[in-house]
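Below: one structure, written as structure tokens.
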2 protein chains.
Amino acid sequence: MKKKTTIYDIAEKLGITAATVSRALNNNSKISETTKKLVLKTAVEMNYEQNKLALALKSGKSYNVGVVVPRIDMNFFGSIIRAIEDELAPKGYHIIICQTHGDESKENESIDTLLNAQVDGILISSSNKEIEPFNRVLAKNIPLVFFDRKKTMKGVSSVVIDDFEGGYNATLHLIKQGYTRIAHLSGNRSIEIYKNRYLGYKQALIDNGLEFNEDYVIQTSSDRISGSNSLKSLLKLNPAPNAIFSASDLAALGAIQELKLKHIKVPNEFAVVGFSNEPFTKFMELSISTVDQSPLEMGKIAAQVFLEQVASTTDEKIEKNIVLPTELIIRKSSALVD
Amino acid sequence: MKKKTTIYDIAEKLGITAATVSRALNNNSKISETTKKLVLKTAVEMNYEQNKLALALKSGKSYNVGVVVPRIDMNFFGSIIRAIEDELAPKGYHIIICQTHGDESKENESIDTLLNAQVDGILISSSNKEIEPFNRVLAKNIPLVFFDRKKTMKGVSSVVIDDFEGGYNATLHLIKQGYTRIAHLSGNRSIEIYKNRYLGYKQALIDNGLEFNEDYVIQTSSDRISGSNSLKSLLKLNPAPNAIFSASDLAALGAIQELKLKHIKVPNEFAVVGFSNEPFTKFMELSISTVDQSPLEMGKIAAQVFLEQVASTTDEKIEKNIVLPTELIIRKSSALVD
DNA sequence: CTGTTAGCGCATTCAC
DNA sequence: GTGAATGCGCTAACAG
């Protein structure tokens, strides 16, 4: 078991003291060129690497930030994390990943364990109903940034997309294309993002003189099966809808596949718009219209907000609530050809 | 600026010593029930949380492991990391993510910075040509596990898929379907995984009495444009191939889209098999045959190998070289209907 | 059962 | 310019 070399080892070898070695390594205060070079040289010789743990303990900065997401293998979150890492790595920060799988207790656990690990900040897409865990973060005075799924808290920053606008524009697009009976596959509306997409949908109908029909809104989880099941239910209605705005791309896909089985032509007889701009929506032969959430932008900005926060010398917390615009991407599943 | 409460704070408040508090918190040796309960109670009252950094510095275990991948927003790597996190989190380990973007110097940087951070292990999918950086890891005696893209080193474990078998079976499938002029969109064959897929392809041709034609092998990067360009080149050959085994799903997709533009029927006139089982391959209307790499399995096993390594008390390194079987997934792009 | 001491590796203050 | 001493927060060894 080889021991790691410390500054004491190299100090001893050189017959000097650890403090001098430290100074040489950080080329801080006044130190003679000769000893400095000597130290640097023997440092590499002895394969020395600084123990950031000791530094962290001393300075109180770990240069680690925790990132908490439901799942990392969803393209949306993967992209956000990618952007966060790209932004923070050059500044010397490491990213510690926690997955909650949408489970509240796991999320609370993650927060605790990150606090224990002395992270310098927490960036989180929260599935939490409580705000108590976040109060604990604030009490410890460590920066907290919400992204995508936020909690509204004084002094806490957030970066989200305008889900209302996204839902509104998607629905408006369908209306302008001439569809009049537009249904909505909604997510769980106790989660803010899904509530807002739903509200945007509803408002677009109202603003354009279309009747809002409660039966046309079906809570659907983000998978193909749910999407196709929801479509089946919708088709049983009288009158049946002739378009869907789905709060999730996968549900939209399921609906489209079901439409195909029923030989209903998309988009001529029935249009579909999804949400998230998952990669597959672009690749389909019948490409799927969707709402882009610019995850890279979101991650980048969340990281920047965090950096501002740690850089700020004032004790007062800066609260930034950034709302990114969405972009409606019109593809074949809703683009009527004249 | 609120200070974090330490065991000294709670010791002082109780008029006892820090050591006692520590013992109470870890309910280790013999300690009176009364003081223990008292300590525990005031600990929550004072909102105490253990500083793992100090513990790490003392014990030499940080309970952090570094995971290094090219990019985290690729489904394959995202899934691997998901599995690693799921496996390691219950054991108290945190995952630190580093992205290399396939850049060798960034990879070396990542390794250094992880070593500095005193990680307990490094799990890496390496884009590196050198093995020197890994020698530094071994010199520090910290467990190293390669996944997907390995380096062959004595005493170092790895978890990879059988790329040769994957390439072989994909090609064999095309042969059995009756295609005789089978081309290969290869990745950069200086990387082992691409070399092995290529070798599997070649061997399948040879074993089945088909001529191996150098012109039928085109180095193609993993994107749609490259795929469609490669297809164009292939069609200029005389005789042109009538099937492709592509080492990447995206290149396969590009080829298929190009075939469609040229009104060449897939799979009747031309078959395509990709590699990786990216989500979109399943969702396409013309679903794409591909080779599954079981990323979840790979991540899980890599994590388990790491855990075995840290658990092992013996000084000698355990070397496990695990090769996971691939699974050929036959879909419409290569399934001739009789 | 509990207090005392020491050390993990480093940077920093105060002397010289 | 360099050495000596100190503390970051915690645990483990040794006393009592």
Side-chain angles (χ1 to χ4, degrees), chain A residues 1-40 42-43 46-64 92 115-120 140-141, chain B residues 1-40 43 46-64 92 115-120 140-142:
Chain A
M1 181 70 181
K2 283 167 196 158
K3 291 260 305 145
K4 295 154 190 171
T5 69
T6 75
I7 54 172
Y8 285 97
D9 299 328
I10 121 162
E12 188 180 17
K13 180 159 187 178
L14 262 46
I16 57 179
T17 188
T20 310
V21 176
S22 172
R23 281 189 275 254
L25 258 23
N26 299 303
N27 60 281
N28 257 0
S29 29
K30 321 123 194 202
I31 192 161
S32 81
E33 268 307 306
T34 42
T35 47
K36 181 170 157 184
K37 285 202 169 161
L38 188 60
V39 168
L40 258 38
T42 48
M46 299 182 69
N47 200 13
Y48 168 79
E49 306 212 35
Q50 187 190 47
N51 185 335
K52 296 276 183 194
L53 240 42
L55 208 173
L57 179 59
K58 176 132 192 70
S59 68
K61 282 205 67 167
S62 67
Y63 276 94
N64 284 150
L115 288 176
N116 285 168
Q118 307 298 116
V119 291
D120 290 349
K140 292 222 164 12
N141 216 287
Chain B
M1 180 67 182
K2 284 167 195 157
K3 289 261 305 146
K4 296 155 189 169
T5 70
T6 75
I7 53 172
Y8 284 96
D9 300 328
I10 121 160
E12 188 180 15
K13 180 161 188 177
L14 261 45
I16 56 177
T17 188
T20 310
V21 176
S22 172
R23 281 188 276 254
L25 260 22
N26 300 303
N27 60 282
N28 256 0
S29 29
K30 321 120 191 206
I31 193 163
S32 81
E33 268 307 304
T34 43
T35 46
K36 181 171 156 183
K37 284 200 172 163
L38 188 61
V39 167
L40 257 38
M46 300 181 71
N47 200 13
Y48 169 79
E49 304 213 38
Q50 187 190 47
N51 184 334
K52 295 276 183 193
L53 240 42
L55 209 172
L57 179 59
K58 175 129 189 73
S59 68
K61 282 205 67 168
S62 67
Y63 276 95
N64 286 150
L115 288 177
N116 285 168
Q118 308 297 117
V119 292
D120 291 349
K140 292 220 164 9
N141 217 285
I142 91 155

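Protein chains get the first letters and strands the later ones, always in sequence-line order, with residue 1 at the start of each.
One can place CG of B:L57 at 13 Å from P of D:dC8, the figure rounded to the nearest angstrom. D:dG9 atom C1' lies 13 Å from atom CG of A:N116, rounded to whole Å. The distance between atom CD of B:E49 and atom P of D:dG9, rounded to the nearest whole Å, is 14 Å. Atoms CG (A:N51) and P (D:dC8) sit 18 Å apart, rounded to a whole Å. Taking atom CG on A:L53 and atom C1' on D:dG9, their separation rounds to 12 Å, with Å as the unit. Rounding to whole angstrom units, CG of residue B:L38 and C1' of C:dC1 are separated by 15 Å. Protein atom CG of B:L14 is 10 Å distant from nucleotide atom P of C:dG3, rounded to whole Å. Rounded to an integer number of Å, the gap from A:I10 CD1 to C:dC10 C1' is 13 Å.
B:A11 and B:A18 get closest at one heavy-atom pair: CB-N, 3.6 Å. Between A:K36 and A:N27 the shortest heavy-atom distance is NZ-CB, 3.3 Å. Taking every heavy atom of both residues into account, B:L25 and B:A43 meet most closely at CD1-CB, 4.3 Å.
At a threshold of 4.0 angstrom between heavy atoms, the contacts of A:S59 with the nucleic acid are absent. Note on B:I16: only backbone sugar-phosphate atoms sit closer than 4.0 angstrom, heavy atoms only; bases stay farther off.
Comparing the axis of the opening five pairs of the helix from C:dC1-D:dG16 to C:dC16-D:dG1 with that of the closing five pairs yields an angle of 50°, rounded to 10°.
Considering only residues two or more places apart in sequence or on other chains, B:D120 meets the side-chain contact (heavy atoms from CB on, under 4.5 Å) condition with B:K61, B:S62, B:Y63, B:Y93, B:F306. Remark: B:A19 engages B:T17, B:R23 in a side-chain contact (heavy atoms from CB on, under 4.5 Å) (not counting sequence neighbours). Every side-chain contact (heavy atoms from CB on, under 4.5 Å) that B:T35 has, sequence neighbours left out, goes to B:I31, B:S32.
Residue pairs meeting the salt bridge (Lys or Arg N to Asp or Glu O under 4.0 Å) criterion with at least one member in residues 7-21 of chain A, sequence neighbours excluded, do not occur.
Checking side-chain atoms of A:T42 against main-chain N and O of A:L38 turns up a donor-acceptor pair under 3.5 Å.
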Using a 3.5 Å cut-off and no angle test, enumerate the donor-acceptor pairs between side-chain atoms of residues 48-57 of chain A and protein atoms at least two apart in sequence or in another chain.
residue	atom	partner	partner atom	Å
A:E49	OE1	B:N116	ND2	3.0
A:Q50	OE1	A:K52	NZ	3.2
A:N51	OD1	A:L53	N	2.8
A:N51	OD1	A:A54	N	3.3

Anything under 3.5 Å between a protein N or O and an N or O of nucleotides 11-13 of chain C, put it in a table, one pair a line.
residue	atom	partner	partner atom	Å
C:dA11	OP1	A:N26	ND2	3.4
C:dA11	OP1	A:Q50	NE2	2.8
C:dA11	OP2	A:S22	OG	2.8
C:dA11	OP2	A:N26	ND2	3.4
C:dT13	O4	A:R23	NH1	3.4

